[in-house]
Structure formats: C-alpha cells, structure tokens
Amino acid sequence: MVSLDVFHLLHDAVWAAVLATALACIFTVPRHALPIAALGGFSGRLVRDLLTGQGVGLVPAAFLAAVVVTFIAIWLAPRRHLKPVVAMSALVPISASVAAFQVVREGLHLADASPTQDVNQTAALFAAHLTTLVSVTFAIALGFVLPWSIWRRLRDDPAFPG
C-alpha cells in the first residue's frame, strides 16, 4: 500500500476544481453551474488519487472517479435544468494527462529517429503510453455514459418517482 500525503491529495483536487471551472467557462456553462463543475472536478480527482494511492490501477480508479462525477451531476445539475457538459468539464482532471504527454514525447522521438537508430524501445514506450491513454479515456467515457444513460432511462420511465 502506498502512503497518502493528504496535503498533496487536496492540492491536486483543488487544482482539478479550478481546471473544471475554467473548462466549464470555456464550454459556456451557466454561471450558477460553475460550483457544480468545481465540486465534480474536486471530487473526481480526489477519488482517483485516493484509489490509485491505495494500489488500485489507474483505469478502474478513473472509471470509479467518473462515476462519482456523474452522480454529482445527476444529483445537482438536472435540478437546474443543466446539460451533461457540466459533468464533462469535471471529467477532464481525471484524465491520463501524463500518458498523453508521454505519447507526444515518444511520438516526437520516433519521428526524429534516423533509420540507423534502434527505435524498438521508443516504439514500445509509445505503445505503452498510448494504451494507457486510450484505456483511461475509455474508462472515463464509460464511467459517464453508463450512469447517465441509466438515470435518463429511469427518469423517462413513468413508474420512476424522480
């Protein structure tokens, strides 16, 4: 088990809230929805980091964090007649940004390699980081789409009391 630094966890979660709020502004989310985006960004990043700090893999941690963000959006956003973009701005801080940076870096190394250089290690790193990036992105998408779709289906059901 990895030790968790509470200050570091909260620091990253606060910056995730700032990023989610900024993205919500860019996505032209109504002003009254900005706190929802901030709460989602904070909570999602905190959950992801807590889980990975406890040894959970990045992909399942990102999935569960996305589910948390989606539940926050389901709980708060529809009461104000808001669109899913409020949740989507809060999902970005959960992403595999380090893997995305590494994909670009290794891709540039591959593009710059001469035919005489051994590029196997760079290609393997590129493939590994790309796999992580795609897997985490898919997990986040699934963590949003599944609960949101189920909630929409239940909400449209006349037997559902919500």
Side-chain angles (χ1 to χ4, degrees), residues 1-104 127-162:
M1 179 171 4
V2 180
S3 78
L4 297 174
D5 178 10
V6 175
F7 176 78
H8 185 72
L9 287 172
L10 292 176
H11 176 267
D12 288 351
V14 166
W15 279 111
V18 170
L19 174 61
T21 306
L23 288 170
C25 289
I26 291 169
F27 297 154
T28 64
V29 168
R31 185 175 297 182
H32 65 275
L34 296 180
I36 298 170
L39 178 63
F42 179 89
S43 302
R45 182 61 188 247
L46 187 63
V47 166
R48 189 198 86 167
D49 289 351
L50 280 170
L51 290 172
T52 57
Q54 293 298 315
V56 175
L58 182 58
V59 173
F63 172 78
L64 292 172
V67 169
V68 167
V69 169
T70 305
F71 281 144
I72 289 170
I74 287 171
W75 179 50
L76 297 174
R79 294 177 186 188
R80 295 172 179 83
H81 306 289
L82 298 171
K83 303 289 181 200
V85 72
V86 175
M88 291 180 194
S89 61
L91 293 172
V92 173
I94 301 169
S95 68
S97 54
V98 172
F101 176 79
Q102 295 295 345
V103 164
V104 171
H129 294 304
L130 184 60
T131 301
T132 299
L133 178 61
V134 169
S135 299
V136 170
T137 302
F138 182 73
I140 292 169
L142 202 58
F144 171 75
V145 168
L146 287 177
W148 192 271
S149 299
I150 291 168
W151 173 77
R152 293 276 315 242
R153 177 92 171 162
L154 288 173
R155 186 189 70 179
D156 294 340
D157 186 355
F160 184 62

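- A distance of 6.5 Å separates CG of D49 from NE2 of H8, quoted to the nearest 0.5 Å.
- The list of side-chain hydrogen bond (donor to acceptor under 3.5 Å, both in side chains) pairs with a residue in residues 128-138, not counting sequence neighbours, is empty.
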- Message: Walk me through whether L58 and R48 qualify under side-chain contact (heavy atoms from CB on, under 4.5 Å).
- Response: CA-CA 8 Å; L58 182 58; R48 189 198 86 167; 4.0 Å; yes

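- Here the closest heavy-atom approach between residue A13 and residue L46 is recorded as CB-CB, 4.1 Å.
- For G143 against T70, the heavy-atom pair with the smallest separation is O-OG1, 3.3 Å.
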If you look only at distance, which donor and acceptor atoms sit under 3.5 Å apart when one is on a side chain in residues 15-22 and the other is two or more places apart or in another chain?
residue : atom : partner : partner atom : Å
W15     : NE1  : H11     : NE2          : 3.3
T21     : OG1  : A17     : O            : 2.7

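- Using a distance-only test at 3.5 Å, with no hydrogens or angles considered, no donor-acceptor pair links the side chain of S43 to the main chain of G40.
- Here the CG-CG distance, from L64 to L50, works out to 12.0 Å after rounding to the nearest 0.5 Å.
- Taken to the nearest 0.5 Å, the CG atom of L34 stands 12.5 Å off from the CG atom of L39.
- Heavy atoms only, all atoms of each residue included: I94 and A66 are closest at CD1-N, 3.8 Å.
- Within the 4.5 Å cutoff, no side-chain heavy atoms of I140 are placed close to those of F63.
- Considering all non-hydrogen atoms of both residues, V47 and A65 come closest at CG1-CA, 3.9 Å.
- V56 approaches A61 most closely through the heavy-atom pair CG1-N, 3.9 Å.
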Could you give the side-chain donor-acceptor pairs of residues 23-30 under 3.5 Å, partners two or more places apart or in another chain?
none

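- Side-chain atoms of L76 and V86, non-hydrogen and from C-beta on, never get closer than 4.5 Å to each other.
- Smallest separation of non-hydrogen atoms from V69 and A90: CG1-CB, 3.7 Å.
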